[in-house]
Amino acid sequence: MTSIRIAAPQTPEFRENVGAALDYAVRIAALAEAEGVALLVFPEGFLQGYLTDEASARRVALDLASAEFAAVLDRLPKSGPVLVMGLIEIDGGRLFNTAVVVERGVLLGRYRKAHLLRGERTFETGKDSPLFAIGALRFGINICYDTHFPEAAAKVAASGASLILCLSNNMMPRDKAEIFKEKHNAVRGERCRETGLWLISSDVTGERDGRIAWGPTAVLNPEGQVVAQLPLEEPGLLVFDFPCIEPLSYSD
């Protein structure tokens, strides 16, 4: 059995500062490349911030066919790991909470969040669950709240993937964060056990305006067990050697 090295940073939160987010991403990507990482997963809304009011979201949203997004791609490394990064997308006037998959400055595809919280009415729901591949590794994407719905993980499993990438942003009011502190991995573990998939999550950390984000940034195995995790409330880079196994035949 061969393995492929995957990684996820636990990052500070960047809000309406694309330049600073890109500087951070480039630095982390260089560290990951030095470690031989093939796949690097950033948090939900990483590029512009997790902005859910419509005025703010529209102000920073990027059309993936635009010159502005081409400039973002140009800033990203032309070597090293495939990058998966959360951002706010605009397409035909509609806003989406999106994860883009980028290889050496080239856009390979995107996933749009399918399950939206009440506070995310600014966004449209995504419909597709595309499959991506790096060599023998096949993966799909869920964004944060998606993992509360078995069908979101089931779509990833049915596509032929063996790994779910979970991009998250759990910057919450402190009382709510306390309640959910231990629940994030528990919910994600349920999806792993249901589907037989592995999962890697990437989250933000830090405090602002009475809110706190601890993480977690972690790897869970198909039994739903946490097999690697960064310390809570500390920025860092989680590196894990993922076993490239043939995905199980899955039907819901």
Side-chain angles (χ1 to χ4, degrees), residues 4-14 17-51 60-91 95-114 123 126 128-144 146 156 159 161 163-169 199-204 217 237-240 242:
I4 187 167
R5 187 159 286 182
I6 62 178
Q10 192 158 273
T11 79
E13 186 187 35
F14 298 96
N17 193 341
V18 171
L22 284 172
D23 287 344
Y24 190 92
V26 169
R27 181 169 67 83
I28 294 298
L31 293 174
E33 182 176 9
E35 292 276 351
V37 169
L39 175 64
L40 179 61
V41 188
F42 287 87
E44 175 184 20
F46 171 80
L47 188 62
Q48 307 109 312
Y50 177 66
L51 306 172
V60 299
L62 287 167
D63 185 326
L64 301 190
S66 69
E68 290 81 6
F69 184 67
V72 168
L73 293 176
D74 191 56
R75 283 285 315 278
L76 295 175
K78 303 307 182 289
S79 63
V82 170
L83 308 179
V84 181
M85 185 178 293
L87 55 75
I88 298 171
E89 178 194 0
I90 190 166
D91 182 13
L95 295 169
F96 296 92
N97 183 334
T98 295
V100 293
V101 181
V102 177
E103 183 175 23
R104 300 180 179 184
V106 176
L107 178 66
L108 298 183
R110 69 184 167 205
Y111 169 82
R112 292 166 167 172
K113 190 172 185 176
F123 302 114
D128 299 324
S129 186
L131 177 70
F132 300 94
I134 303 172
L137 171 62
R138 288 169 171 76
F139 64 90
I141 301 170
N142 281 186
I143 297 179
C144 207
D146 282 335
V156 174
S159 74
L163 174 67
I164 301 173
L165 312 188
C166 177
L167 290 74
S168 296
N169 188 312
L199 182 147
I200 184 169
S201 64
S202 179
D203 210 331
V204 300
T217 294
L237 180 64
L238 179 64
V239 178
F240 184 79
F242 177 78

Spacing of F240 atom CZ and I200 atom CD1 [to the nearest 0.5 Å]: 8.5 Å

Flag side-chain contact, heavy atom, 4.5 Å: Y111 against V84: no

Step-by-step side-chain contact (heavy atoms from CB on, under 4.5 Å) determination, K113 to L167: CA-CA 10 Å; K113 190 172 185 176; L167 290 74; over 6 Å; no

Pairwise side-chain contact, I88 with F123, heavy-atom cut-off 4.5 Å (strictly under): yes

Nearest-0.5 Å distance that lies between atom SG in C144 and atom CG in D203: 6.5 Å

Heavy-atom pair with the smallest gap, counting every atom of V204 and P12: CG1-O, 4.3 Å

Validation row: V100, L83 side chains within 4.5 angstrom (heavy atoms): no

Point-to-point distance, once rounded to the nearest 0.5 Å, from CG of L22 to CG of N17: 9.5 Å

Shortest non-hydrogen separation from D63 to A65 and the atoms involved: OD1-N, 2.8 Å

Verdict with supporting geometry, M85 and V102, side-chain contact (heavy atoms from CB on, under 4.5 Å): CA-CA 8 Å; M85 185 178 293; V102 177; over 6 Å; no

Value rounded to 0.5 Å, distance of CG in L165 from CG in L40: 10.5 Å

Residue pairs, two or more places apart or on separate chains, that pass salt bridge (Lys or Arg N to Asp or Glu O under 4.0 Å) and touch residues 98-112: E89-R110, E89-R112, D91-R112

Interatomic spacing from CG in L238 to OG in S201 - rounded to 0.5 Å: 8.0 Å

Donor-acceptor under 3.5 Å (S202 side chain, P9 main chain): yes

Check: N169 main-chain N/O paired with E44 side-chain donor or acceptor under 3.5 Å: yes

Separation between CG of D146 and CG of N97, rounded to the nearest 0.5 Å: 8.5 Å

For residues 67-77, please give each side-chain donor-acceptor pair under 3.5 Å, one per line with the distance, not counting sequence neighbours.
residue	atom	partner	partner atom	Å
E68	OE1	S66	OG	3.4
R75	NH2	D23	OD1	2.6

Check: R138 side chain, L131 main-chain N or O, donor-acceptor pair, under 3.5 Å: no

Heavy-atom donor-acceptor pair, Q10 side chain to T217 backbone, under 3.5 Å: yes

Reference residue I134; test side chain to side chain contact (heavy atoms under 4.5 Å, CB included); the match among V101, V82, L108: V82

Closest non-hydrogen atom pair, A29 against P81: O-CD, 4.1 Å

Flag side-chain contact, heavy atom, 4.5 Å: V37 against L237: no

Minimum heavy-atom distance between R5 and G36, given as atom pair plus value: CB-O, 3.6 Å

Heavy-atom check, side chain of I28 versus side chain of T11, under 4.5 Å: no

Side-chain touch V60/V18, heavy atoms, less than 4.5 angstrom: no

Non-neighbouring partners of F46 that pass ring-ring contact (aromatic ring centres under 6.0 Å, His included), sequence neighbours left out: F14, F42

Within-4.5 Å side-chain heavy-atom neighbours: L163 and I6: yes

